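Supplied in structure tokens, the structure appears directly below.
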Amino acid sequence: MNKKYISTLSILSVMTACSLNAEGVEVYLTDKLDSTQNGYCLDIAGGKGASANPANGLQGHTCYSPLGEILVDQTFDTEKFKENVLYMPEFNVCAEASSVKAGASVGLSSCSGSDAQAFIFSGEGMIKPASNTNLCVTLGEDTRSGRSSTNQIKVLTLETCDASRAAYQNWATRTSS
């Protein structure tokens, strides 16, 4: 066998091993608030599943796990949490703060390793921009309906972390099983 072929096989083996360790999860708000189903999850705004457009950014949306699976527009890679990245593998994008000020939106963009894409999240608790840990990813209080009254949507912004807002700022992960 030639060296180039063996090298290619080695690289593919490492990539496969890394992808097998990654787990796709939904990131959900631990308090169900006014949800009529299984709570609120981080979700790509506008569209469903693979038809979602990452350019629309993130929102809080009814979790899809009651359907028996996590759809790709709510799937995050747990391995990337260790790197302070909220990564959506199906779309190859990372969460990105529009700024590190209260009221800033959380969008999605090609992963660049920028400070705007660095979020501290262990898989449970508050999600904070690494460059300003006084802010937390926060769901808004107002709820609107999506395609039907069972699809509930809330705005997602960065707000000052505060125990009085814990119901809107504490997150966890789960798989569909």
Side-chain angles (χ1 to χ4, degrees), residues 19 22-81 83-100 103-121 123-124 126-130 135-159 168-177:
S19 66
E23 182 178 19
V25 296
E26 64 185 5
V27 177
Y28 71 97
L29 194 69
T30 58
D31 191 307
K32 289 190 177 184
L33 302 176
D34 62 349
S35 175
T36 59
Q37 291 189 38
N38 202 20
Y40 289 95
C41 284
L42 295 183
D43 174 80
I44 298 176
K48 181 178 176 183
S51 68
N53 183 354
N56 294 332
L58 287 173
Q59 65 185 1
H61 189 281
T62 304
C63 299
Y64 294 131
S65 55
L67 301 174
E69 65 179 317
I70 301 170
L71 296 184
V72 296
D73 61 332
Q74 292 186 350
T75 301
F76 291 83
D77 180 342
T78 58
E79 285 298 306
K80 296 293 188 177
F81 295 165
E83 300 171 24
N84 292 339
V85 175
L86 299 175
Y87 174 68
M88 300 187 85
E90 179 70 23
F91 299 93
N92 194 28
V93 293
C94 292
E96 181 174 272
S98 62
S99 73
V100 286
S105 63
V106 182
L108 293 164
S109 188
S110 295
C111 301
S112 66
S114 70
D115 287 346
Q117 293 182 350
F119 289 88
I120 299 168
F121 181 56
E124 188 172 338
M126 295 178 173
I127 303 172
K128 301 176 178 188
L135 296 177
C136 288
V137 172
T138 306
L139 274 190
E141 293 182 22
D142 295 334
T143 304
R144 65 182 174 87
S145 293
R147 289 179 299 281
S148 71
S149 61
T150 59
N151 291 311
Q152 295 173 285
I153 300 168
K154 289 183 178 285
V155 171
L156 188 72
T157 58
L158 295 179
E159 302 297 339
Y168 298 88
Q169 296 179 333
N170 281 309
W171 302 88
T173 63
R174 64 181 166 219
T175 61
S176 61
S177 52

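Keep in mind that what you see is a predicted model, and the values were worked out from it rather than measured.
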For this session: Output yes when a side-chain donor or acceptor of Gln152 lies under 3.5 Å from a complementary backbone atom of Thr36, and no otherwise.
Result: yes

Exercise. Closest approach of Phe91 and Val72, non-hydrogen atoms and distance?
Worked result: CE1-O, 3.6 Å

Exercise. Between atom CG of Leu135 and atom NZ of Lys128, what is the distance when rounded to the nearest 0.5 Å?
Worked result: 9.5 Å

Problem set entry | Close side-chain approach of Arg174 and Cys63, heavy atoms under 4.5 Å | yes

For this session: Supply the atom-to-atom distance Tyr64 OH to Asn38 CG, rounded to the nearest 0.5 angstrom.
Result: 13.0 Å

For this session: Take Glu159 and Gln169, measure what side-chain contact (heavy atoms from CB on, under 4.5 Å) needs, and give me the verdict at the end.
Result: CA-CA 9 Å; Glu159 302 297 339; Gln169 296 179 333; 4.2 Å; yes

Exercise. Shortest non-hydrogen contact from Glu96 to Gln117?
Worked result: OE1-NE2, 3.0 Å

Seminar exercise, completed: side chain to side chain contact (heavy atoms under 4.5 Å, CB included) test vs Tyr87 passes for just one of Thr78, Asn92, Leu108, Thr75, namely Asn92

Exercise. Roughly how far apart are Glu90 CD and Ile44 CD1, rounded to 0.5 Å?
Worked result: 9.0 Å

For this session: Please name the residue in the list Trp171, Phe76, Phe81 that meets the ring-ring contact (aromatic ring centres under 6.0 Å, His included) test with Phe121.
Result: Phe81

For this session: Give the intermediate values and the outcome of side-chain contact (heavy atoms from CB on, under 4.5 Å) for residues Val27 and Ile127.
Result: CA-CA 10 Å; Val27 177; Ile127 303 172; 4.0 Å; yes

Exercise. Of all heavy-atom pairs between Lys154 and Asp34, which one has the smallest distance, and what is that distance?
Worked result: CE-OD1, 3.4 Å

Seminar exercise, completed: Heavy atoms of Gln74 and Thr62 approach each other most closely as NE2-O, 3.1 Å

Exercise. Does the side chain of Asp142 come within less than 4.5 Å of Val155's, by heavy atoms?
Worked result: no

Problem set entry | Separation between CZ of Arg144 and NE2 of His61, rounded to the nearest 0.5 Å | 8.5 Å

Problem set entry | Donor + acceptor pair across side chains of Glu26, Ser65 (<3.5 Å) | yes

For this session: Please examine the side chains of Asn170 and Asp31, heavy atoms only from C-beta on, and report whether any two atoms are closer than 4.5 Å.
Result: no

Exercise. Rounded to the nearest 0.5 Å, what separation is found between the CG atom of Leu29 and the CG atom of Leu139?
Worked result: 5.0 Å

Exercise. Between CG of Asp77 and SG of Cys94, what distance do you get to the nearest 0.5 Å?
Worked result: 9.5 Å

For this session: Of all the heavy-atom pairs spanning Thr30 and Ala172, show the shortest one and how long it is.
Result: CG2-CB, 3.8 Å

For this session: Locate the shortest heavy-atom distance separating Gly103 from Thr157; write the atom from each residue and the value.
Result: O-CG2, 3.9 Å

